[in-house]
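Notes follow once the structure below has been shown.
So you know, we letter chains A, B, ... as the sequences are listed, proteins then strands, and number each from 1. All values reported here derive from a predicted model rather than from experimental measurement. Computed from heavy atoms alone, side chains included, the values below leave out hydrogens, waters and symmetry copies.
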There are 2 protein chains.
Amino acid sequence: MRMSTKAQYAVRALVSLNLTSDGDPVSIKDISSRENISLNYLEQLFVKLRRGEIVKSVRGPGGGYMLARPAADIRVDEIIDTVEETLVPVSCMEADGSCSCTSECATQSVWQGLGNQIRTFLASMTLEDLTNEGRRRLDS
Amino acid sequence: MRMSTKAQYAVRALVSLNLTSDGDPVSIKDISSRENISLNYLEQLFVKLRRGEIVKSVRGPGGGYMLARPAADIRVDEIIDTVEETLVPVSCMEADGSCSCTSECATQSVWQGLGNQIRTFLASMTLEDLTNEGRRRLDS
DNA sequence: ATCATACCTGAGTGTTTCTGTCAATTATTT
DNA sequence: AAATAATTGACAGAAACACTCAGGTATGAT
Ligand code: FES
Ligand code: FES
């Protein structure tokens with residue numbers, strides 16, 4: 001039951017972006033070196049984040065990425081969805097989910113409930129919350 | 001963010017065991033055929049469940065497995081721990097967890113909180129709850 | 001005793017997913 | 001034109017996953 005590094009990196013990178021941004025775009029290279037994440041790997045993530053309209057890109061010198069929306073409007077569960085990490089803990093609950101299990105399966109209620117918990121929790125946090133948390137830590 | 005089949009199978013198998021048991025041990029073969037789970041794979045899981053004192057074994061003809069404790073005393077999170085599936089969503093929060101991240105990392109609070117949610121939810125359900133749920137489904 | 005049953009154990013294996021790397025291209029500003 | 005930086009797709013090593021196989025051991029019934 002691990003969150004993939006994709007999800008971890010995406011959240012970290014966006015917090016970092018929002019912390020260091022002063023209105024200008026931030027280059028992916030800066031984020032990469034500050035957060036110690038592979039440059040090329042980060043690029044893959046930002047392509048998805050752009051398609052998911054979490055960030056927008058500015059090309060050319062002085063370019064980079066910036067948030068596509070106010071940080072308060074970006075929920076953590078959205079970020080994770082966007083980099084393609086499922087939050088449903090078992091496959092039989094998904095669209096194509098075929099299960100060897102019979103209809104009287106009692107364990108479904110466990111995973112169903114667990115999935116809801118996870119979703120609800122991550123939807124209750126926004127990028128702004130995390131950025132404030134980061135600022136608070138920097139001060140101390 | 002997927003629960004491994006180890007965890008899924010373990011929970012299903014234990015519910016099945018408890019549903020069909022009438023005090024006598026239940027053979028792993030029965031569970032295997034009823035739940036469509038590989039026999040040899042199930043054996044591996046039950047070895048761990050026995051070591052974790054979730055079940056006890058009865059050898060020889062007519063033998064099998066039975067619960068080591070009342071179903072009401074067996075929490076779902078215990079079962080998952082026992083088959084060695086971590087419930088901590090990121091590695092940097094574990095004992096040997098080394099992280100490239102700096103000390104002002106704001107995302108820790110996300111994963112910390114998420115881990116607590118998952119743990120709390122799964123600790124709130126017992127094998128008895130699930131067995132009752134299964135019985136209810138069988139009746140309808 | 002011996003046979004069938006069923007637990008017990010460890011080694012091995014094919015597949016998939018994860019985590020990145022590399023190379024080449026396109027777009028923009030100076 | 002030149003430098004910057006995003007964009008894309010192919011590829012690859014490593015690890016985890018989901019089993020399978022080949023035995024061995026303990027017990028009860030005949
Ligand atoms: S329906 Fe998928 S485990 Fe029962
Ligand atoms: S401490 Fe591990 S991601 Fe920041």
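Salt bridge status for Arg75(A) with Asp81(A): absent, with no side-chain N to carboxylate O gap under 4.0 Å.
Atoms CG (Leu42(A)) and P (dT7(D)) sit 13 Å apart, rounded to a whole Å. For the pair Lys29(A) NZ and dT4(D) C1', the computed distance is 8 Å after rounding to whole Å.
Screening residues 36-62 of chain B for salt bridge (charged side-chain N to carboxylate O under 4.0 Å, His left out) gives Lys48(B)-Glu84(B) as the qualifying pairs, with residues at least two apart or on separate chains. Sorted by first then second residue, the ring-ring contact (aromatic ring centres under 6.0 Å, His included) pairs that include residues 114-140 of chain A, not counting sequence neighbours, number zero. Pairs of residues two or more places apart, or lying in two chains, that qualify as ring-ring contact (aromatic ring centres under 6.0 Å, His included) and include a residue from residues 61-93 of chain A are Phe46(A)-Tyr65(A).
In the hydrophobic clustering of this structure, Leu19(B) groups with Tyr9(B); members are Ile, Leu, Val, Met, Phe, Trp, Tyr whose side-chain heavy atoms approach within less than 4.5 Å, directly or through other members. Under the 4.5 Å side-chain contact rule for hydrophobic residues, Met66(A) and Val15(A) do not share a cluster.
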Going 5' to 3' through nucleotides 18-30 of chain D and flagging B where a protein heavy-atom sits under 4.0 Å of the base, S where only the sugar-phosphate is that close, and - otherwise, we get BBBB---BSBB--
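Here Arg51(A) reaches the OP1 or OP2 of dT8(D): one of its side-chain N or O atoms lies under 4.0 Å away.
Chain A approaches DNA chain C within less than 4.0 angstrom (heavy atoms of the protein), and the contacting nucleotides run 5' to 3' from dT19(C) to dT29(C).
Applying the salt bridge (Lys or Arg N to Asp or Glu O under 4.0 Å) criterion to Glu85(A), with sequence neighbours excluded, gives no partner residue.
In the model, Arg12(A) has no side-chain atom that pairs as donor or acceptor with a side-chain atom of Thr107(B) under 3.5 Å.
Across all strands shown, Tyr65(A) has heavy atoms under 4.0 Å from sugar-phosphate atoms exclusively, and none from any base.
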